[in-house]
Every structure is written in structure tokens, then in C-alpha cells.
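Below: the structure, in C-alpha cells.
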Amino acid sequence: MNRLIDGKKISAAVVEQLALDTREFIATSGVTPGLAVVLVGEDPASQVYVRNKVKQATAAGFNSTEHRLSADTTQADLNALVEQLNNDASVHGILVQLPLPAQLSEPEIIRLIAPHKDVDGFHPLNVGALASGGADLIPCTPMGCMIMLEQTLGDLSGKHAVVVGRSNIVGKPMAALLLQANCTVTIVHSRTQNIETLCREADILVAAVGRPEMIKGSWVKPGATVIDVGINAVEKEGKRRLVGDVDFSEAVDVAGAISPVPGGVGPMTIACLMKNTLTAARQQMSV
């Protein structure tokens with residue numbers, strides 16, 4: 001029988017433990033971890049993500065603040081808000097929800113967030129630390145994928161992992177974490193030849209390419225563990241549905257374990273954002 005990797009269940013356990021750890025931290029330090037979330041514009045998906053992040057922060061026992069800015073916000077105004085949050089000792093983690101409106105520079109904002117408050121793990125200093133194996137603030141989606149893999153497979157040493165996609169947010173940090181777990185790692189992307197063949201060699205297949213149902217059942221090695229990072233809105237039979245980068249209906253009959261969409265990686269990403277926030281608070285308070 002195929003196993004579904006239940007991201008909702010795993011993330012609930014992560015947040016439950018996090019709430020216990022947070023209470024202990026507050027008792028020890030006298031400080032409540034603070035998370036500031038910045039949303040620019042009215043993108044519907046971003047609004048849902050922010051609402052869920054604030055809800056989870058409250059469940060974890062954090063102080064959570066929202067800063068909502070209009071879609072025509074200037075770079076100078078956004079920069080000023082980030083600098084204000086950088087200098088606010090009650091804020092231990094800063095998250096600027098991406099994507100930003102076209103007039104704003106995402107790289108500039110990522111670099112501007114203080115590295116020790118960068119709970120997304122996107123700042124170049126944190127990226128460099130991850131590449132060298134010493135990161136404390138790790139990109140949330142890859143961290144969530146690793147928790148799912150470790151709970152499903154245990155020791156990952158020696159397994160061949162194929163990551164589909166080379167983004168800075170998921171693909172590259174995912175590969176770095178898998179290397180640290182002693183996997184043999186292959187990254188495939190839009191210029192890779194024989195992608196299907198390479199995917200079929202994977203003991204672990206992580207799909208993070210942003211193309212609906214690109215990976216078919218025939219691409220999956222029998223018994224492989226499949227982590228589907230993609231979230232794509234498509235029209236099927238006149239209804240709007242969310243699907244992953246993996247054709248779930250085909251892959252589920254081949255894989256040994258597979259994460260669904262929705263209900264897989266998404267909840268884990270938010271749970272790991274909370275983990276990073278507590279980590280950041282501990283570091284800043286030297287606890």
C-alpha cells in the first residue's frame with residue numbers, strides 16, 4: 001500500500017512541540033518571540049499565506065504583527081519599514097511576503113533584512129552559511145521537506161536524490177540540505193537532457209519546478225519517495241483546482257511514499273517559519 005506523507009499531521013506535531021519550547025523560552029528569558037509580517041498589495045494568494053502564517057504564530061505563542069502596504073508603495077517606503085523592524089528589539093523575525101509588486105526590488109529587500117532576523121533564510125549571508133553547512137536560519141520549504149523525508153525514511157545516507165528545479169528559494173537549498181544528509185544529489189532543470197531518465201534513477205524525488213503535473217508516473221522509480229513542492233492553480237472540468245508538479249494520480253501507484261497537494265509541503269513551510277522565528281529569538285537573547 002502506498003503511503004501518503006501527511007504534511008498537516010507532521011506540521012501540527014512540529015507546532016505543538018514549538019509551543020512547548022516557546023513557553024520554556026519565555027519562562028527563561030522573559031521575552032516573547034516577535035514575528036513581523038509585511039504584505040505589499042492585494043495579491044489573493046499572498047493574503048491567504050499571510051493569514052495562515054499569523055494564525056500559526058499565535059498558536060506557537062508568538063507576538064505577531066502585520067504590516068499591510070498598498071500596491072503602489074515605493075521602494076523607499078518599504079525600505080524604511082524594514083529598517084524600522086531591523087531596529088525594533090521586540091521583533092526577532094521579519095518576513096516580507098513575496099512576490100512583490102513590479103516596481104519593488106525583491107533582491108534589495110532580501111539583502112536589507114538583518115541576517116539574524118531573516119526567518120525566510122534568503123539573505124546572502126544565510127545562503128552562504130547553508131552552502132558551507134553552518135546555517136541556523138534555513139529556507140522554510142526545504143527544511144520542511146527534510147523533516148518529511150526524515151520522518152518517512154529515517155537515515156537518508158547513500159540515497160540518490162533528484163531535485164527538479166534550481167530556484168534560490170527551493171531547488172538550490174534543497175540540494176544543499178540533501179548533501180548534508182549524505183545523499184548523492186542530482187539537480188535537473190529546463191536545460192537538462194534526459195530528465196525522465198534521471199528522475200527514474202531517484203530514490204528521493206523532490207519536484208519544485210512550478211509546472212502543473214509535469215512529472216508523470218513513468219518518471220518515478222518504483223518505491224521511490226516523492227516530495228511535491230509545487231502548488232499550481234488549474235482549471236479541470238470547469239472547476240479551479242490546486243495540483244502539484246507531480247501527476248499525483250499516476251505517481252501514487254508507483255511511489256513508495258508521496259506528499260499530496262494540497263496538504264503536503266505547504267503546512268510544513270509555515271511550521272518551519274515558526275521554528276526559524278524561535279531560533280532567531282534564542283540567538284538574539286543568547287538563550
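All values below come from the heavy atoms of this structure, side chains included, with hydrogens, waters and symmetry mates left out. In this text the structure is predicted, and so the values were computed from the model without any measurement.
Once rounded to the nearest 0.5 Å, the distance linking CG of L125 with CG of L137 reads 11.0 Å. Note: C199 SG to L205 CG = 5.0 Å, rounded to the nearest 0.5 Å. Between the CG atom of D120 and the CD1 atom of I113 there is a distance of 7.0 Å, given to the nearest 0.5 Å. Between atom CG of residue D72 and atom CG of residue L69 there is a gap of 10.0 Å, rounded to the nearest 0.5 Å. Here the CD-CD distance, from E250 to E213, works out to 8.5 Å after rounding to the nearest 0.5 Å. Rounding to the nearest 0.5 angstrom, the gap separating the CG atom in L130 from the CG atom in N126 is 9.0 Å.
Distance alone, capped at 3.5 Å, places no donor-acceptor pair between the N63 side chain and the L35 backbone. Using a distance-only test at 3.5 Å, with no hydrogens or angles considered, a donor-acceptor pair links the side chain of D6 to the main chain of K8. Judged by distance alone, the side chain of S259 and the main-chain N or O of D228 form a donor-acceptor pair under 3.5 Å. A donor-acceptor distance shorter than 3.5 angstrom exists from the side chain of K117 to the backbone of N86, with no hydrogens or angles considered. With hydrogens and angles ignored, the 3.5 Å screen pairs no side-chain donor or acceptor of H189 with any backbone N or O of R166. Side-chain N or O atoms of N194 include none that pairs as donor or acceptor with a backbone N or O of T197 at under 3.5 Å. Side-chain atoms of E196 do not come within 3.5 Å of backbone N or O of S218 as any donor-acceptor pair. With hydrogens and angles disregarded, a donor-acceptor distance shorter than 3.5 Å links the side chain of N87 to the backbone of E83. Although no hydrogens or angles enter the test, the distance criterion places a donor-acceptor pair under 3.5 Å between the side chain of S132 and the main chain of G128. No side-chain donor-acceptor contact under 3.5 Å links T192 to the backbone of I195.
Cluster membership check: M274 shares its hydrophobic cluster with F25, using side-chain heavy-atom separations under 4.5 Å among Ile, Leu, Val, Met, Phe, Trp and Tyr. The same ILVMFWY cluster, assembled from side-chain heavy atoms under 4.5 Å apart, contains both L85 and L78. Neither V119 nor L112 shares a network with the other; the hydrophobic side chains, linked directly or stepwise wherever heavy atoms of I, L, V, M, F, W or Y lie under 4.5 Å apart, form separate groups for each. Residue V261 is not grouped with residue I10 when hydrophobic side chains (ILVMFWY) are merged at heavy-atom distances under 4.5 angstrom, including chains of intermediate members. The hydrophobic clustering, which links ILVMFWY residues whose side-chain heavy atoms are closer than 4.5 Å, places V96 and F122 together.
No side-chain heavy atom of I138 sits less than 4.5 Å from a side-chain heavy atom of P173. Put simply, the side chain of I169 does not reach to within 4.5 Å of the side chain of P139, judged on heavy atoms. Looking at heavy atoms from C-beta onward, E24 lies out of side-chain contact with L20 at the 4.5 angstrom threshold. With a 4.5 Å cut-off on side-chain heavy atoms, F248 and L4 count as touching. With a 4.5 Å cut-off on side-chain heavy atoms, I109 and L100 count as touching. Within the 4.5 Å cutoff, no side-chain heavy atoms of C145 are placed close to those of M268. Here the side chains of L278 and F62 are in contact, with some heavy-atom distance below 4.5 Å. Residues V31 and H92 have side chains in contact (heavy-atom distance under 4.5 Å, counting atoms from C-beta outward).
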task: Apply side-chain contact (heavy atoms from CB on, under 4.5 Å) to the pair Q283 and D136, showing each step before the final yes or no.
output: CA-CA 9 Å; Q283 291 178 335; D136 293 309; 2.9 Å; yes
message: Test side-chain hydrogen bond (donor to acceptor under 3.5 Å, both in side chains) on T141 and T269; report intermediate values, then the result.
response: CA-CA 5 Å; T141 296; T269 296; 2.9 Å; yes
task: Show the numbers, then the answer: is there a side-chain contact (heavy atoms from CB on, under 4.5 Å) between V162 and V206?
output: CA-CA 6 Å; V162 173; V206 181; over 6 Å; no
- prompt: Does the side-chain contact (heavy atoms from CB on, under 4.5 Å) test come out yes or no for I187 and M174, once each step is laid out?
  reply: CA-CA 10 Å; I187 300 178; M174 189 76 236; over 6 Å; no
task: Start with the C-alpha distance between T225 and I5, add both sets of side-chain angles, then the distance that settles side-chain contact (heavy atoms from CB on, under 4.5 Å), and finish with yes or no.
output: CA-CA 9 Å; T225 300; I5 306 174; 3.9 Å; yes
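Side-chain contact check for D21 and Q17: at least one donor-acceptor pair (N or O, by modelled atom type) lies under 3.5 Å. At a cut-off of 3.5 Å, with distance as the only test, a side-chain donor of H160 or T186 sits close to an acceptor on the other residue. For the residue pair D247 / S249, a side-chain donor-acceptor distance below 3.5 Å is found, with atom types taken as modelled. Residues S46 and D43 have side chains that bring a donor and an acceptor to within less than 3.5 angstrom of each other. With hydrogens and angles left out, the side-chain atoms of N276 and T279 include no donor and acceptor closer than 3.5 Å.
In plain terms, the two heavy atoms of G7 and P267 that are nearest each other are O-CB, 3.9 Å. Annotation for I26 and G61: closest pair CD1-O, 4.1 Å, computed over non-hydrogen atoms. For M146 against A181, the heavy-atom pair with the smallest separation is CE-CB, 3.8 Å. Nearest approach of G244 to N232, heavy atoms of both residues: O-ND2, 3.2 Å. Contact detail for D245 and V209: the closest heavy-atom pair is OD2-N, 2.8 Å. Closest non-hydrogen pair, S105 versus Q75, comes out as N-OE1, 2.7 Å.
Taking a 6.0 Å sphere around CZ of R211, one finds it holds 12 or fewer heavy atoms contributed by other residues, nucleotides or ligands. Atom CD of E66 is surrounded by more than 12 heavy atoms from other residues, nucleotides or ligands within 6.0 Å. Residue Q193 qualifies as open at atom CD: its count of foreign heavy atoms under 6.0 Å is 12 or below.
Put simply, the residue from R68, K53, Q47 that forms a side-chain hydrogen bond (donor to acceptor under 3.5 Å, both in side chains) with Q97 is K53. Exactly one of T184, L153, N182 qualifies for a side chain to side chain contact (heavy atoms under 4.5 Å, CB included) with K159. That residue is L153.
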